[in-house]
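Encoded as structure tokens, the structure appears first; notes follow it.
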Amino acid sequence: MRAVRPAPARRLPAALPALALLAVVLLSGCGGGGAGGAGGEPELGPVADNPATATLAFPMDAYTDTEAERIRMGQVQQVLVSRCMARYGFTYEGVKTAAPSGGGGAEDRHRHLFGLADPEFAAAHGYDKSGTGGDPAVKPVAPQLSDSAYVVMNGEQRGAQGGVPLDAPTEEEAARVDSGLTAAGQKVPAGGCGREGFRKLYAPTKDSVDLLFAFGLSSEAHERSKQDSRVVNALRKWSACMDKSGYGGIGTPYDVVEELGLENDKGGPRAVTAAKADVACKREVNLVGIWAAVEKAYQERLVEEHAQTLALYAKQREARFKLAASLG
């Protein structure tokens with residue numbers, strides 16, 4: 001099992017806006033030993049026949065926030081940042097974000113995991129995810145800061161040259177890190193209020209599990225599944241079907257838009273026609289059913305391998321929800 005060790009106090013790249021820290025993505029390294037990792041290819045459970053993506057459930061879902069939960073955690077982080085800024089006499093309204101998409105219905109969190117899979121979506125939108133819950137329609141907008149407020153938010157002077165602000169991996173360790181800056185007669189926290197808000201929510205103690213740990217395991221399972229012989233075989237059949245439909249030389253569903261030059265017209269007539277063929281070929285070979293069963297098997301293996309760390313991660317995730325509730 002991978003050990004979870006906090007890094008020592010360190011200098012990080014220039015501090016990011018508070019919410020941008022949530023968007024940093026660090027993929028977990030894939031395990032060795034071939035497609036299935038050290039244990040070979042796992043046995044599969046039931047393989048559903050062309051399941052709707054809304055019905056798919058994976059072991060790592062229990063450790064993964066829904067869209068509404070992610071947005072709520074972002075709001076909580078902004079509250080913590082605002083409270084920190086208030087200690088130094090600054091009013092900070094936080095980063096403005098979009099409301100959850102989907103119209104309040106159940107979230108189809110795996111809608112695009114295996115490429116386009118919904119025939120109705122394909123016929124209506126082609127590969128255009130904008131405004132349909134697939135891609136964010138509104139980017140977060142950070143408020144403008146005065147020079148003095150910038151120092152408190154980021155833990156460094158605006159335009160500072162020749163260095164980056166001191167930081168710490170957890171709030172517990174940050175108490176022992178001197179930023180070297182003061183404001184309103186108080187020490188500025190390591191990394192500024194932006195980092196303090198993040199640490200209080202996601203890394204309060206030295207045993208805090210990395211926020212991206214669960215995401216990393218999900219990514220590792222997905223990468224392993226792509227190399228599994230059963231998925232490789234299904235992809236080969238899907239590609240052959242696409243070739244018969246007039247779309248030759250496309251290896252995976254993730255390559256369709258680029259291979260067909262649809263980047264600038266994902267919802268146009270050509271894209272819709274290709275998308276309908278794409279989904280039809282997936283259904284002909286049961287690509288989603290096979291791939292989902294394989295990916296689930298790899299996730300089950302990783303959950304078992306990392307059970308102790310995931311238990312701690314789940315406990316800390318629940319603590320975040322309780323903090324959110326306490327803030328109203």
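Throughout, numbering of the chain's residues begins at 1 and tracks the sequence.
Rounding to the nearest 0.5 Å places CG of Leu80 at 11.5 Å from CZ of Arg199. From Cys84, atom SG reaches atom CZ of Arg195 across 12.5 Å, with rounding to the nearest 0.5 Å. For the atom pair CZ (Arg320) and CE (Met73), the distance works out to 8.0 Å, reported to the nearest 0.5 Å. The NE2 atom of His306 lies 14.0 Å from the CG atom of Leu312; values are rounded to the nearest 0.5 Å. Atom OG in Ser208 sits 10.0 Å away from atom CG in Leu201 (nearest 0.5 Å). Atoms CG and CD, from Asp108 and Glu67 in turn, are 11.5 Å apart once rounded to the nearest 0.5 Å.
Under a hydrophobic clustering in which Ile, Leu, Val, Met, Phe, Trp and Tyr are joined whenever their side-chain heavy atoms come within less than 4.5 Å, directly or via other members, Leu113 and Val232 fall into different clusters. By the rule that hydrophobic residues join a cluster once side-chain heavy atoms approach within less than 4.5 Å of another member, Leu287 and Tyr247 end up as members of one cluster.
Glu304 CD: 12 or fewer foreign heavy atoms inside a 6.0 Å radius. Within a 6.0 Å radius of NZ in Lys237, other residues, nucleotides and ligands contribute 12 heavy atoms or fewer.
Within the 3.5 Å criterion, the main-chain N or O of Leu260 finds a donor-acceptor partner in the side chain of Arg270. Side chain of Ser225 to backbone of Val294: no donor-acceptor contact under 3.5 angstrom is found. In this structure, the side chain of Thr55 engages the main chain of Ala52 through a donor-acceptor pair within 3.5 Å. Side chain of Glu172 to main chain of Lys206: a donor-acceptor pair is present (N/O by atom type, distance under 3.5 Å, no hydrogens or angles). Using a distance-only test at 3.5 Å, with no hydrogens or angles considered, a donor-acceptor pair links the side chain of Gln299 to the main chain of Met60. Side chain of Ser239 to backbone of Ile250: a donor-acceptor contact under 3.5 angstrom is found. A donor-acceptor pair under 3.5 Å is absent between the side-chain atoms of Arg301 and the main chain of Ala221, judged by distance alone. Looking only at distances, a side-chain donor or acceptor of Ser82 sits under 3.5 Å from a matching main-chain atom of Tyr92. Glu107 places no side-chain N or O within 3.5 Å of a backbone atom of Thr66 that could act as its donor or acceptor partner.
Ion pairing between Glu69 and Arg317 holds under the 4.0 Å rule for side-chain N and carboxylate O. Checked for salt-bridge contact, Asp178 and Lys187 meet the test: a charged N lies under 4.0 Å from a carboxylate O. The existence of a salt bridge linking Arg72 and Asp65 is excluded, since no basic side-chain nitrogen approaches an acidic carboxylate oxygen closer than 4.0 Å. The pair Lys282-Asp278 meets the salt-bridge criterion, since a charged nitrogen lies less than 4.0 angstrom from a carboxylate oxygen.
Across Val151 and Leu181, no two heavy atoms sit closer than the pair CG1-CD1, 3.9 Å. Here the shortest heavy-atom pairing between Asp128 and Phe121 reads O-CZ, 3.5 Å. Shown here for Ala117 and Val279, the closest heavy-atom pair between the two residues is O-CG1, 3.5 Å. Of all heavy-atom pairs spanning Asp167 and Ala190, the tightest one is OD1-O, 3.8 Å. For Ala297 against Leu44, the heavy-atom pair with the smallest separation is CB-CD2, 3.9 Å. Residues Val152 and Tyr88 share a closest heavy-atom pair of CG1-CD1, 3.5 Å.
Screening Asn286, Val285, Val288 for a side chain to side chain contact (heavy atoms under 4.5 Å, CB included) with Asn50, the sole residue that qualifies is Asn286.
Screening residues 247-263 for salt bridge (Lys or Arg N to Asp or Glu O under 4.0 Å) gives no qualifying pairs among residues at least two apart or on separate chains. Within the structure, disulfide (SG to SG under 2.5 Å) pairs that include any residue of residues 282-328 do not occur (at least two apart or interchain).
For Arg83, there are no side-chain hydrogen bond (donor to acceptor under 3.5 Å, both in side chains) partners, not counting sequence neighbours. Qualifying ring-ring contact (aromatic ring centres under 6.0 Å, His included) partners for Phe90, counting only residues two or more places apart in sequence or in other chains: none. For Arg87, the salt bridge (charged side-chain N to carboxylate O under 4.0 Å, His left out) partners two or more places apart in sequence, or in a different chain, are Glu196. With sequence neighbours left out, Tyr127 forms a ring-ring contact (aromatic ring centres under 6.0 Å, His included) with no residue at all.
Counting heavy atoms from C-beta outward, Lys226 and Tyr254 have side chains that approach closer than 4.5 Å. The side-chain heavy atoms of Pro59 and Leu302, taken from C-beta on, include no pair separated by under 4.5 Å. Contact annotation: the side chain of Tyr202 never approaches that of Gln316 to less than 4.5 Å [non-hydrogen atoms, C-beta and beyond]. With contacts defined as side-chain heavy-atom distances shorter than 4.5 Å, the pair Tyr298/Asp228 qualifies. Two residues are said to be in side-chain contact when any heavy atoms from C-beta on lie closer than 4.5 Å; Thr53 and Leu56 meet this criterion. Side-chain contact between Glu156 and Tyr150 is present, with at least one heavy-atom pair separated by less than 4.5 Å. Put simply, the side chain of Arg230 does not reach to within 4.5 Å of the side chain of Asn233, judged on heavy atoms.
By the 6.0 Å and 45° rule, Arg283 does not stack over the aromatic ring of Phe114.
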**Q.** Steps toward side-chain contact (heavy atoms from CB on, under 4.5 Å) verdict (Trp238, Glu284)
**A.** CA-CA 8 Å; Trp238 170 85; Glu284 180 175 311; over 6 Å; no
Q: Go through the steps for Val256 and Leu116 under the test side-chain contact (heavy atoms from CB on, under 4.5 Å), then give the verdict.
A: CA-CA 10 Å; Val256 177; Leu116 192 59; over 6 Å; no
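Classified by interplanar angle (parallel below 30°, tilted 30° to 60°, perpendicular above 60°), the ring pair Phe213/Tyr313 is tilted.
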